[in-house]
Amino acid sequence: MLSLRIPAYIHIERISSMSKELPKTYNPAEVEKRTYEAWESNGCFRGIIDPKKKPYSISMPPPNVTGQLHMGHAVDNTMQDILIRFKRMQGYAALWIPGTDHAAIATEAKIVEAMRQEGLTKADLGRDQFMERAWAWKEKFGNRIVQQLRTLGSSCDWEREHFTMDEQCSKAVLEVFINLYNQKLIYRGNRMVNWCPKCDTSISDAEVEYEEKNGHFWHILYKVKETGEFLEIATTRPETMLGDTAVAINEADPRYKHLHGCHVILPLLNKEIPIVCDEHADMEKGTGVVKITPAHDPNDFEVGGRHNLPMVRCFTYDGHMTGKADVAEYNALKESNRLTEGEPEVLDCGKYAGMTTDEARKAIVADLEALGQLKEIEDLKHDVGTCYRCHSTIEPMISKQWFVRMKSLAEPAVKAAEDGEIQFVPERFTKSYLNWMKNTRDWCISRQLWWGHRIPAWYCDDCGETNVAKTAPCKCAKCGSTNLTQDPDTLDTWFSSALWPFSILGWPDTENPDYKFFYPTSTLVTGYDIIGFWVSRMIFSGLAYTGKAPFSKVVIHGIVRDAQGRKMSKSLGNGIDPLEVIEQYGADALRFMLVQGSSPGNDMRYSEEKILAMRNFTNKIWNASRFLLMNMSIDEIRLPEELALEDKWILSRLNSVIREVTYNLEHFEMGVAAQKIYDFIWSSFCDWYIELAKNRFNGDDAEKKQNVENVLAYVLRDILKLLHPFMPFITEEIYQALPHDKGFLMLQSWPEVRPELSFPEDEARMEKIMEAVKAVRECRSEHKVPNSKKSHITIITANPEEYAEAGDFLARLAGASGVNAVSAEPDDLSGMVTVATADAKLCMPLKELIDVESERARITKDLEKAEKELEFVKAKLANESFISKAPEKVVNDIREREAKITALIQNLRDMLSAL
RNA sequence: GGAGGCAUAGCUCAGCUGGUUAGAGCGCACGGUUCACAUCCGUGAGGUCAAGGGUUCGAGUCCCCUUGUCUCCACCA
């Protein structure tokens, strides 16, 4: 492909295709593709190290390499793009680094599934061939998600794109592993882990999801050896009874005091096991007797530890009952002295050996029943731990795994949030973060998968020594043997994503210019659903390895639900494909929908209605711009010396909007900011200013026309800048058609408040006239005066000179054929109908067109409302503590309001009596 | 069991550090094709801001409590 560096302006000349011949409706698809390509090929997304600028950097939460763009990505990336575009325009050295995550379990599961379709298994292929396939898969689908992110308009630096398994990230992983191992913060041991028999791997506590399932309580009778009585024990997992090595009672339980030190006979196996006293046995629950299976239950594991009970494993790791072969394997290890501490014994389950755990459950229950030792079966709803990937039931198993010792790592991470070094937005998520961080247990980081970072540990086949090193050692450090075998396992996918904010900037090379300039990153944007998985691990990792919190602000957003408020899911089939939405309505409309009217950290709903409203908004901007450009002759924008009243009004309003939107964006209040821009564009600019400007814009006075063109273009240009972070495409497209300095809108500077363009008095005067316009419109509409029926309007007001411009405005907007403003009431009001504002009365000779009775009702209603308000205001002013304690401005405002309402009431009364 | 969110117009939701008469979109009613836009314009109806209590000159906003609802964490023999 030809990649000539064409000077930017050549592209830019062609980037906009806006012209007089354009269709009346905006067609986003064509514009978006062309615009994104122009930005990218001109290097607009590049983060540039510039010591003169302040850095602002974001690391993108890496989507799964095999993933498809969904609404979660859309909201996440829209928010990041808004921030990065805003900061870039504000003059920061902005860098947004994208990338993808290898997503160990999810990806491996997909590859295995694809292989299964060909009749292949991992074992058939072998590790090397499997990895070849996996990389090929990654190449194929890794680009898909990256392309899809582009359609959203994401302005990230693709030249710095990373992948959690690329060379740079893998280097960081190795560095951290070795480091923690040397500090004894990573260890290997036999511990209770969550085992997914389908994925055939251990998973961390965080990866277990609890689902309510229908199950049963099986009440089994265990015979006490010494007394011959039967103890009733309820269990939800009867198949684990083969691994029981005790039953527990509470020491204080009066029912069982006589059984202290006794034994029970385990049914089916006829094995004698002790009765132990342990706090775990809850007198309130069930019969107060609980079976203890240390090898297959986390609580029982602890009980077993306290009482030195043997551990007996009766399940295989692929979900079957153990048998002779498993025992033989265990014995072989034992004989060669390679059993590690804490490894459970293995049981030959005899007739149950080889059954799946489900089959064994049925068989065991049937056998117990035949023996008369099944007392009852009780129905029960309970939460069952399931794998967050495949939703199979998790089996707790003792297994030899690698762990990260969390205690010392968690402490600084807790402190960073408590001290405000890291702030969550909204603040309430600090609590869920702290809750997670304070209660976290050691993190199981090894996975029995092939797709991932392989654990850098080599075991000596001769002496059993563990050698941990960055590269394969040639001989065992302890005995010198060359018979070394690398640990077959890989690391938890979150182990590498925990390092993401600094590994992508070059760490552990702390001299890397990117790392030096952009680290720590500024803002992290992500959903509340992965605070525990990811955010907290990045925080403790950053603090531990780089000595700095990896970011200072964590902006949390909610999830996008469907129109009924349900979570979007594959199984429900209610997911909305953002790509389809973009194709149909444009990325700008989707982006705006995702932020407008949403509040930080709260879930939001997708609805056709909302996206249509946003599509209409893009169309509104398009048409307003099209209208202005069609009739515009200026080729540079320069505000005129002479500003008309309405010019001052819109410029003054613009200042307010700039100030407020900037403030809102700096405080991550994107929803509010979007709403303000929307209102300013649609209501202030289109409905009022453009309509008012038409008098000059379409008029014959060349000088006036040029003046108003300049104001229109000036305001429009700032509007485009304000809107650009939210709707990058349409704003760029229109900007290119406006008279402008050569360059892209996305690289222009953010609008600033200009105090010399604030005109509070003119704003107020303009608003009085607008009140008058609205009052006339209301009256005409109420009485269905046809638009074609124009009428003269007499404005009666104390200060007629304040209504100098009202004639033009009322003519254009309120059906006036002529206007005069006077201070004294005309003598003859017959045939006139009057409307009132607080500042003026407006008389029109339309009495024959109105229904006097309904007009009287209308005025009376207004009057009542005003009188009620006056009462309220007067009470306030009569309140001494209000006068003395409230700020002066508030009191003055109320005083003004009193004057205003009093005047309005007077006007309304006059109108009533004149009817 | 612990923590948190939400409850505002018919519907979906905004409302930032308490301060005029609580807003938007959609829907509804009425009127409108005057050459930017009917994906539009104008006008209107519709809310005791879930209930109760408190702090305050002033509460949709802060505190307490109740109810309903959703979510997360923990537990569940």
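Here is the naming used below: chain letters follow the sequence lines, and residue numbers restart at 1 for every chain.
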Subject >> Listed nucleotide nearest any side-chain atom of A:Asp687, set B:U56, B:C37, B:G42 >> reply: B:G42
**OP:** Please state whether the phosphate of B:C72, meaning OP1 or OP2, lies under 4.0 angstrom from any side-chain nitrogen or oxygen of A:Asn435.
**Re:** no
**OP:** Ignoring the backbone of A:Val890, work out which of B:C57, B:G19, B:U39 is nearest its side chain.
**Re:** B:G19
Original post:
Looking only at side-chain N and O atoms, does A:Ser599 come under 4.0 Å of OP1 or OP2 in B:A14?
Top reply: yes
Subject >> salt bridge (charged side-chain N to carboxylate O under 4.0 Å, His left out) partners for A:Lys861, two or more places apart >> reply: none
Original post:
Reckon A:Lys620 has a side-chain N or O less than 4.0 Å from the OP1 or OP2 of B:C41?
Top reply: yes
**OP:** Decide whether a cation-pi geometry holds between A:Lys694 and A:Phe627; the criteria are a distance under 6.0 Å from NZ or CZ to the six-membered ring centre and an angle within 45° of the ring axis.
**Re:** yes
**OP:** Could you work out the separation of B:A14 and B:A9 based on their C1' atoms and round it to a whole Å?
**Re:** 13 Å
**OP:** Kindly write out the residues that satisfy side-chain hydrogen bond (donor to acceptor under 3.5 Å, both in side chains) with A:Lys900, not counting sequence neighbours, or none if the list is empty.
**Re:** none
**OP:** Quote, to the nearest angstrom, the P distance that separates B:G44 from B:U39.
**Re:** 24 Å
**OP:** Please check the phosphate of B:U39 (OP1 and OP2 only) for any side-chain N or O of A:Arg615 closer than 4.0 Å.
**Re:** no
Subject >> Contacting residues from residues 288-297 of chain A, given that a heavy atom lies under 4.0 angstrom of RNA chain B >> reply: A:Val289, A:Val290
**OP:** Give a yes/no answer on whether the side chain of A:Lys431 brings an N or O atom under 4.0 Å of OP1 or OP2 in B:G4.
**Re:** yes
Subject >> Integer angstrom distance from the P of B:C73 to that of B:U66 >> reply: 25 Å
Subject >> Per A:Gln675 side chain, nearest of listed nucleotides B:G31, B:G19, B:A24 >> reply: B:A24
**OP:** Check whether the ring centres of A:Phe592 and A:Phe617 lie less than 6.0 Å apart, and answer yes or no.
**Re:** yes
Original post:
Going by the angle between their ring planes, with limits at 30° and 60°, are A:Tyr678 and A:Trp682 parallel, tilted or perpendicular?
Top reply: tilted
Subject >> Residue whose nearest RNA chain B nucleotide is more 5′ - A:Gly671 or A:Glu782 >> reply: A:Gly671
Original post:
Does the base of B:A36 carry an N or O that pairs as donor and acceptor with the side chain of A:Glu691 under 3.5 Å?
Top reply: yes
Original post:
Mind checking the C1' distance from B:G15 to B:G60? Whole angstroms is fine.
Top reply: 8 Å
Original post:
At under 4.0 Å, does any side-chain N or O of A:Lys861 touch on OP1 or OP2 of B:A45?
Top reply: yes
Original post:
Toward the 5' end of RNA chain B, which comes first, A:Met614 or A:Asn439, by nearest nucleotide?
Top reply: A:Met614
**OP:** Counting heavy atoms from C-beta on, name the nucleotide in B:G19, B:G42, B:C57 closest to the side chain of A:Pro887.
**Re:** B:G19
Original post:
When you measure from the side chain of A:Asn664, which nucleotide among B:C16, B:C37, B:G15 comes out closest?
Top reply: B:C16
Subject >> Side chain of A:Lys784 - closest among B:C73, B:C30, B:C16 >> reply: B:C30
Original post:
Does A:Lys705 have any side-chain contact (heavy atoms from CB on, under 4.5 Å) partners at least two apart in sequence or in another chain, and if so, which?
Top reply: A:Asn631, A:Phe697, A:Glu709
Subject >> Closest to the A:Arg428 side chain, choosing from B:U43, B:G58, B:G5 >> reply: B:G5
**OP:** Ignoring backbone atoms, test whether A:Trp682 places a side-chain nitrogen or oxygen under 4.0 Å from the OP1 or OP2 oxygen of B:C41.
**Re:** yes
Original post:
Quick one: does A:Arg605 reach the base of B:U12 with a side-chain donor-acceptor pair under 3.5 Å?
Top reply: no
Original post:
Who are the side-chain hydrogen bond (donor to acceptor under 3.5 Å, both in side chains) partners of A:Tyr585, not counting sequence neighbours?
Top reply: A:Glu608
Subject >> Selected nucleotide, minimal atom distance to A:Ala624 side chain, candidates B:A36, B:G19, B:U12 >> reply: B:A36
Original post:
Is there a donor on the side chain of A:Lys694 or the base of B:A36 sitting less than 3.5 Å from an acceptor on the other?
Top reply: yes
**OP:** For the pair A:Arg605 and A:Asp562, find out whether any cationic side-chain nitrogen is under 4.0 Å from an anionic carboxylate oxygen.
**Re:** no
Original post:
Which whole number of Å gives the distance between the C1' atom of B:C57 and that of B:G18?
Top reply: 12 Å
**OP:** Among the candidates B:C72, B:C6, B:C57, find the nucleotide nearest to the side-chain atoms of A:Asn602.
**Re:** B:C6
**OP:** Using the P atoms only, state how far B:A74 lies from B:C11, rounded to an integer number of Å.
**Re:** 36 Å
Original post:
Which dot-bracket notation, 5' to 3', represents the base pairing of RNA chain B when pairs are defined as Watson-Crick or G-U with both distances under 3.5 Å, crossing pairs as [ ], and inter-strand pairs as |?
Top reply: (((((((..((((.....[...)))).(((((.......))))).....(.(((..]....))).))))))))....
**OP:** Please determine, for the side chain of A:Glu778, which listed nucleotide (B:G15, B:U20, B:G44) has the closest atom?
**Re:** B:G44
Subject >> Pairwise C1' distance for B:A7 and B:U61, with rounding to whole Å >> reply: 15 Å
